Amino acid sequence: MPSVVRILLIAGLVSLITGCSLFKFPGVHRIQVQQGNIITQEMVDQLKPGMTRRQVRFVLGTPLVEDTFNPNRWDYINRIRSPKGEESQKRFTVYFNGDLLIATSGDWQPVGWP
């Protein structure tokens, strides 16, 4: 009977070790994880002062965050985690006056804006 217990104990330890993320096994494929909105400089360059909310949504997509306390601000956030575990985050914010685009801020800036 002790040999059965020993086998079960060894099998349990092996399954814990192989399932643990502390050990990095060579040859294991890890993917890049991207969350949020995909924003490019080309997309941002299409923005022009005075565009409507609908036009901005068409160019950039639905914002990740629409602030309920400030409806004139849309935040676009893009977070990427590399296979090595390194994270990077970029933000882009558009500001409206009523229904018209008046300003932007963040990691990208439209070309030709004042």
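Any value given below was found using the heavy atoms of this structure, including those in side chains, with hydrogens, waters and symmetry copies removed. From a predicted model like this one, the values you see are computed outputs, not experimental measurements.
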Please confirm whether the backbone N or O of Asn37 pairs with a side-chain atom of Asn78, one donor and one acceptor, at under 3.5 Å?
yes
Donor-acceptor contact present, side-chain Tyr76 to main-chain Gly61, <3.5 Å:
yes
Side-chain heavy atoms of Val44 within contact of Gln109, under 4.5 Å:
no
In the structure I gave you, are the side-chain heavy atoms of Arg79 and Glu87 within less than 4.5 Å of one another anywhere?
yes
Measure the spacing between CG of Leu64 and CD1 of Ile77 and express it to the nearest 0.5 Å.
5.0 Å
Output yes when a side-chain donor or acceptor of Gln46 lies under 3.5 Å from a complementary backbone atom of Met43, and no otherwise.
no
side-chain contact (heavy atoms from CB on, under 4.5 Å), that's the test. Do Val59 and Leu47 meet it? Break it down for me.
CA-CA 8 Å; Val59 172; Leu47 298 177; 4.2 Å; yes
Minimum heavy-atom separation for Arg57 to Thr62, with atom names?
NH1-CG2, 3.5 Å
Any side-chain heavy atom of Leu60 within less than 4.5 Å of one from Phe92?
yes
Under 3.5 Å, side chain of Gln55 to main-chain N/O of Leu101, donor-acceptor pair present?
no
Got a sec: does the CZ of Phe58 have more than 12 other heavy atoms crowding it under 6.0 Å?
no
Is any side-chain heavy atom of Val94 closer than 4.5 Å to a side-chain heavy atom of Arg73?
no
Relative to Trp108, does Arg91 satisfy both conditions: NZ or CZ under 6.0 angstrom from the six-membered ring centre, and within 45 degrees of the ring's axis?
no
Between atom NZ of Lys90 and atom OG1 of Thr40, what is the distance when rounded to the nearest 0.5 Å?
10.5 Å
Yes or no on side chain to side chain donor-acceptor pair (under 3.5 Å) for Asp75 and Thr93, after CA distance, side-chain angles and deciding distance?
CA-CA 5 Å; Asp75 291 302; Thr93 304; 2.7 Å; yes
Do Arg53's NZ or CZ and the ring of Phe96 fall within the cation-pi criteria of under 6.0 Å and 45°?
yes
